[in-house]
Each structure stands twice: as C-alpha cells, then as structure tokens.
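Structure first, then comments.
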Amino acid sequence: MSQTIHDPLKNYITVIQDLTAVAGDITHVEEIKTAAAADKRHELLDGCIQEEQALLLKLRGLEQHRISLQKDLGWDTLTLQQILDRSSEEERELLSPVFARLDHYLRRLQQAREAAEKILKVRLHELEVFSQMGASYDNSGNVNPPGKPQGGGRIRSTYV
C-alpha cells in the first residue's frame, strides 16, 4: 500500500478481511451442523450451536467496527458497490478483491445456512412424528420403538 492510503482505510480493509474469515468459520460450523443432523448425530449439535453463537457475537462486534470505520471514511450508508464506484483508482484496486472475497463467503454462508435449516426442519418433523407415535430417541440418536422407552422415554431438549 502506498503512503497515500490512510489508516482508516487500512483498518477498514482489515475489518472486511476479519468479517470474511468469520463468515468462513460460521459456514464451516453450518456445514458440520448439516452433516450431523443428516447423519442423525444429534449429540454434535450442541457444540455447533455454542460455537456458532460465539462466532455470531464476534461477527456483531466486527460489523459495528465496520460501520464506524465506514462512517469515518465518509461512506456512512453506502453499499459495497457504491463504495467502489466512489473510490479512487488506488482505493478501488485495494477494496475490490477484498469485497469480492467477502461477497463469495457470504454467498457460501447463505447456502450453508439454507441447507442446515432444511435438514433441521426435516429432523424436527421426524421428532414430532416419532413422539406422536410414542417412539423416542435415545442419547445416541437411535429410535426407540413405542412401548420401549429408554432413559425416561423423553426427547432431550438439548437437540434443538
């Protein structure tokens, strides 16, 4: 970077890169959550949800920092494309690949989130059906037939 690029822009680029990394981390957790639900490995979901909550808090903090820096740079309410349109050539060369990478990871995150939601809805529906039939899951995710409840015959609330 040349010396004409000021610290708020450097900080802004760093925050965008950090947002991209966190989006990638959340995507990874969503993919693990989807695989766990698809494989009926419900015991893994608690850890995924806890990790996801921590990442979302980190994301929130980074987003607040991004908003603050964007305001300092005079880009208060602008979209990423509007920022690129209003930037100097040098700024555009720095920002364009960073924005493109963020956009890519956000699209991947959206796809992973949608896949996780679909499989979780299917599994929740299965739980409802099994509970109405008198069947239950044990702590390992196996189905207990009606009339043979194990461990109290209840579905653990920690799966959701």
Side-chain angles (χ1 to χ4, degrees), residues 1-130 137 139-141 155-160:
M1 273 188 230
S2 78
Q3 292 182 358
T4 60
I5 301 300
H6 47 0
D7 285 339
L9 182 58
K10 287 180 186 178
N11 292 339
Y12 182 74
I13 289 170
T14 299
V15 167
I16 296 296
Q17 291 169 331
D18 291 346
L19 282 167
T20 302
V22 172
D25 293 344
I26 295 171
T27 301
H28 181 69
V29 172
E30 286 292 330
E31 291 166 346
I32 292 170
K33 190 166 58 173
T34 302
D39 294 341
K40 296 182 182 180
R41 305 241 359 244
H42 303 129
E43 70 277 6
L44 300 177
L45 294 178
D46 277 342
C48 289
I49 291 168
Q50 288 174 5
E51 185 175 352
E52 188 175 44
Q53 287 173 341
L55 288 168
L56 289 172
L57 285 174
K58 185 175 182 179
L59 185 71
R60 232 177 258 132
L62 287 169
E63 182 62 10
Q64 289 174 349
H65 193 197
R66 179 199 62 82
I67 291 167
S68 173
L69 288 169
Q70 213 167 286
K71 188 175 185 177
D72 292 346
L73 290 163
W75 301 329
D76 195 13
T77 59
L78 301 181
T79 65
L80 299 181
Q81 186 58 53
Q82 290 170 330
I83 290 170
L84 288 176
D85 292 343
R86 294 183 185 187
S87 298
S88 70
E89 184 63 34
E90 187 176 12
E91 290 171 334
R92 201 173 8 262
E93 286 177 19
L94 295 169
L95 292 169
S96 186
V98 177
F99 286 175
R101 189 161 188 252
L102 176 62
D103 184 62
H104 170 76
Y105 274 86
L106 291 176
R107 289 179 196 274
R108 278 191 56 214
L109 174 58
Q110 183 64 32
Q111 292 169 346
R113 205 165 205 42
E114 288 171 2
E117 283 180 26
K118 285 178 186 176
I119 194 69
L120 288 171
K121 283 181 182 178
V122 168
R123 293 297 173 237
L124 286 172
H125 178 71
E126 286 179 353
L127 288 171
E128 290 172 4
V129 169
F130 287 134
Y137 278 115
N139 290 338
S140 300
I155 298 171
R156 289 179 43 190
S157 64
T158 58
Y159 295 148
V160 184

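Numbering starts at 1 and runs along the sequence shown. All figures in this text were calculated on a predicted structure; none of them were measured in a lab.
You'll find the side chain of Ile32 stays beyond 4.5 Å of the side chain of Glu51, heavy atoms only. In this structure, Asp7 and Lys10 have side chains that are in contact, with non-hydrogen atoms separated by less than 4.5 Å. Contact of the Asp72 side chain with the Asn11 side chain is not registered, since no non-hydrogen atoms from C-beta on lie closer than 4.5 Å. Side chains of Thr34 and Glu31 form no contact here, defined as non-hydrogen atoms less than 4.5 Å apart. Ile26 is listed as a side-chain neighbour of Val22, based on a closest heavy-atom distance under 4.5 Å. Put simply, the side chain of Ile13 does not reach to within 4.5 Å of the side chain of Ile16, judged on heavy atoms.
Between Gln70 and Leu78, the closest heavy-atom pair is NE2-O, 3.1 Å. For Leu84 against Arg92, the heavy-atom pair with the smallest separation is O-NH1, 2.8 Å.
Remark: Leu44 CG to Ile49 CD1 distance equals 11.0 Å, nearest 0.5 Å. Within the model, atoms OG1 of Thr27 and CZ of Arg113 stand 9.0 Å from one another, a figure rounded to the nearest 0.5 Å. Rounding to the nearest 0.5 Å places CG of Leu9 at 9.5 Å from OG1 of Thr14.
Annotation: ring-ring contact (aromatic ring centres under 6.0 Å, His included) contacts involving residues 18-37, sequence neighbours excluded, are absent. For residues 75-88, there are no salt bridge (Lys or Arg N to Asp or Glu O under 4.0 Å) pairs, not counting sequence neighbours. For residues 69-88, the ring-ring contact (aromatic ring centres under 6.0 Å, His included) pairs, not counting sequence neighbours, are Tyr12-Trp75.
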### Task
For salt bridge (charged side-chain N to carboxylate O under 4.0 Å, His left out), just list the numbers for Arg66 and Glu63, CA-CA rounded to whole Å, side-chain angles, deciding distance to a tenth of an Å, and then say yes or no.
CA-CA 5 Å; Arg66 179 199 62 82; Glu63 182 62 10; 2.3 Å; yes
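Among residues two or more places apart in sequence or in another chain, the side-chain contact (heavy atoms from CB on, under 4.5 Å) test is passed with Asp39 by Arg41. Partners of Gln110 by side-chain contact (heavy atoms from CB on, under 4.5 Å), not counting sequence neighbours, listed by chain and number: Glu114.
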Give every donor-acceptor pair under 3.5 Å between a side-chain atom in residues 93-103 and any protein atom, sequence neighbours left out.
residue : atom : partner : partner atom : Å
Asp103  : OD2  : Arg107  : NE           : 2.8
Asp103  : OD2  : Arg107  : NH2          : 3.4

